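If you're wondering where the values come from, they're calculated on a predicted model, not measured in any experiment.
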Amino acid sequence: ISACTRRDILAYSDFPEDRIDVVYQSCGTRFCRPVCPESLEEARRKYRLPTHYILNVGTVEARKNILLGIRALSQLPEELHLVVVGRQTSYQKQLDAAIKELGLAQRVHFLQGVPNALLPAIYRQAEAFVYPSRYEGFGIPIIEAIQSGLPVVAATGSCLEEAGGPDCLYVGPDDVDGNAAAILSAIEHRKEIVCKSQRYVKRFENQDVASQILEVYN
């Protein structure tokens, strides 16, 4: 599913290198489409979205490492909020403790059960997308964010550079200062980053994965 996963197989097993092929996931293009004003307003009203926010989408679990985004938020301007969309796990207790310690209760918003129909409207109204996950097989939410017109700040160390391409910003998964600085830079240079990133992710859009898998078998 990625060159990163290929490297992991080689590092953690004795599977023959010449029998590993990489076939990337395909992604659709629904996040590329414009979102009507009615949907934007519905999402804003239903979820009480703040005026300015950075976004994270994914299960709220330790591997996803959104704690880094919360700590970075404490260094960002007060008008900037963090919206996290995804199913919660026991990791939520650690996040709640950090939010209380940092005094961010009014600036961090957790949304669960968001229907697919309204997710594009939440993406579209964000300032930037933060994805500090310690490990992924590929990273589809990064592509959804780029398709939605968001600059991306992601973590180094797994496959996220493959998914987002060279024009997204990447920092270490424990680098709070670097993450905060990268978010500010991403917002400032949003237009340039998004334009280049959208060209990059076209390589994943509507791929015929079945034919590629068939070619591997052949």
Side-chain angles (χ1 to χ4, degrees), residues 1-2 4-5 8 11-12 43 46-116 118-119 122-123 125-145 148 150-164 168-187:
I1 200 171
S2 66
C4 175
T5 301
D8 289 342
Y12 295 106
K46 182 174 182 178
Y47 298 110
R48 299 179 181 179
L49 297 176
T51 304
H52 303 286
Y53 63 91
I54 54 177
L55 179 66
N56 172 266
V57 176
T59 304
V60 182
E61 59 182 335
R63 172 176 62 86
K64 299 286 189 179
N65 191 37
I66 193 55
L67 180 60
L68 178 69
I70 291 170
R71 287 175 172 159
L73 185 68
S74 67
Q75 300 184 16
L76 298 175
E78 287 191 8
E79 66 269 18
L80 200 58
H81 292 227
L82 171 63
V83 173
V84 181
V85 179
R87 179 178 59 82
Q88 295 179 6
T89 68
S90 59
Y91 180 57
Q92 185 69 39
K93 295 179 182 178
Q94 186 177 349
L95 302 183
D96 291 342
I99 289 167
K100 182 178 180 180
E101 178 186 349
L102 295 168
L104 296 174
Q106 304 303 314
R107 294 175 60 196
V108 183
H109 313 265
F110 294 95
L111 309 180
Q112 297 190 79
V114 174
N116 287 332
L118 285 180
L119 189 56
I122 295 175
Y123 270 111
Q125 297 178 84
E127 306 277 338
F129 189 76
V130 59
Y131 204 66
S133 182
R134 294 184 182 278
Y135 190 83
E136 295 292 332
F138 185 51
I140 285 288
I142 284 181
I143 298 175
E144 294 175 349
S148 300
L150 298 184
V152 170
V153 177
T156 57
S158 66
C159 65
L160 300 182
E161 289 100 329
E162 289 181 74
C168 295
L169 303 180
Y170 303 95
V171 296
D174 298 301
D175 186 355
V176 176
D177 294 342
N179 194 264
I183 290 169
L184 290 175
S185 180
I187 294 172

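To the nearest 0.5 angstrom, Glu101 atom CD is 11.5 Å from Ile70 atom CD1. Here the CD atom belonging to Glu61 is positioned 12.0 Å from the CD1 atom belonging to Ile66, to the nearest 0.5 angstrom. Annotation: the span from Arg107 atom CZ to Ile99 atom CD1 amounts to 11.5 Å, rounded to 0.5 Å. Atom CG of Asp175 is separated from atom OG1 of Thr156 by 8.5 Å, given to the nearest 0.5 angstrom. Separating the CG atom in Leu119 from the CG atom in Asn116 is a distance of 6.5 Å, to the nearest 0.5 Å. If you take OH on Tyr53 and NE2 on His109, they are separated by 10.0 Å, rounding to the nearest 0.5 Å.
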Subject >> Steps toward side chain to side chain contact (heavy atoms under 4.5 Å, CB included) verdict (Leu68, Val176) >> reply: CA-CA 6 Å; Leu68 178 69; Val176 176; 3.7 Å; yes
Subject >> Full working for side chain to side chain contact (heavy atoms under 4.5 Å, CB included) between Thr51 and Glu79 >> reply: CA-CA 8 Å; Thr51 304; Glu79 66 269 18; over 6 Å; no
Original post:
What's the verdict on side chain to side chain contact (heavy atoms under 4.5 Å, CB included) for Leu82 and Val130, showing C-alpha distance, side-chain angles and the deciding distance?
Top reply: CA-CA 9 Å; Leu82 171 63; Val130 59; 4.1 Å; yes
Subject >> Stepwise side chain to side chain contact (heavy atoms under 4.5 Å, CB included) test for Ser133 and Arg63 >> reply: CA-CA 6 Å; Ser133 182; Arg63 172 176 62 86; 4.2 Å; yes
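Residues Phe129 and Pro141 meet the side-chain proximity criterion, which asks for heavy atoms closer than 4.5 Å. The closest side-chain heavy-atom distance from Val83 to Val85 is below 4.5 Å. Under the 4.5 Å side-chain criterion, counting only non-hydrogen atoms from C-beta, Pro77 is in contact with Leu184. In this structure, the side chains of Leu169 and Pro151 stay at 4.5 Å or more apart for every pair of heavy atoms. The shortest side-chain heavy-atom distance between Val153 and Cys168 does not fall under the 4.5 Å cut-off. At a threshold of 4.5 Å between non-hydrogen side-chain atoms, the residues Pro132 and Asn56 count as touching. For the pair Phe110/Gln92, a side-chain contact is recorded, criterion being any heavy-atom separation below 4.5 Å from C-beta on. The closest side-chain heavy-atom distance from Ile122 to Leu111 is below 4.5 Å.
The backbone N or O of Gly137 lies less than 3.5 Å from a partner atom in the side chain of Ser2, making a donor-acceptor pair. In this structure, Tyr131 contributes its side chain and Gly58 its backbone to no donor-acceptor pair below 3.5 Å. Using modelled atom types, no side-chain atom of Thr59 and backbone atom of Gly86 make a donor-acceptor pair closer than 3.5 Å.
The two residues Leu73 and Leu80 come nearest to each other via the heavy atoms CD1-O, 3.4 Å. The two atoms that bring Thr5 and Tyr135 nearest to each other are OG1-OH, 4.1 Å, heavy atoms only. Shown here for Ala182 and Val171, the closest heavy-atom pair between the two residues is CB-CG1, 4.0 Å. Across every non-hydrogen atom of Tyr47 and Val114, the tightest pair is OH-CA, 3.7 Å. Looking at every heavy atom in both residues, Cys159 comes nearest to Glu136 through SG-O, 3.1 Å. The heavy-atom pair separating Tyr123 from Ser148 by the smallest distance is CB-OG, 3.4 Å.
Within a 6.0 Å sphere centred on CD of Gln75, other residues, nucleotides and ligands contribute more than 12 heavy atoms. Annotation for Gln106: atom CD does not count as buried by contact number, only 12 or fewer foreign heavy atoms lying within 6.0 Å.
We find that Arg71 and Asp174 are not joined by a salt bridge, their nearest charged nitrogen and carboxylate oxygen being 4.0 Å or further apart.
In the model, Glu127 has a side-chain atom that pairs as donor or acceptor with a side-chain atom of His52 under 3.5 Å.
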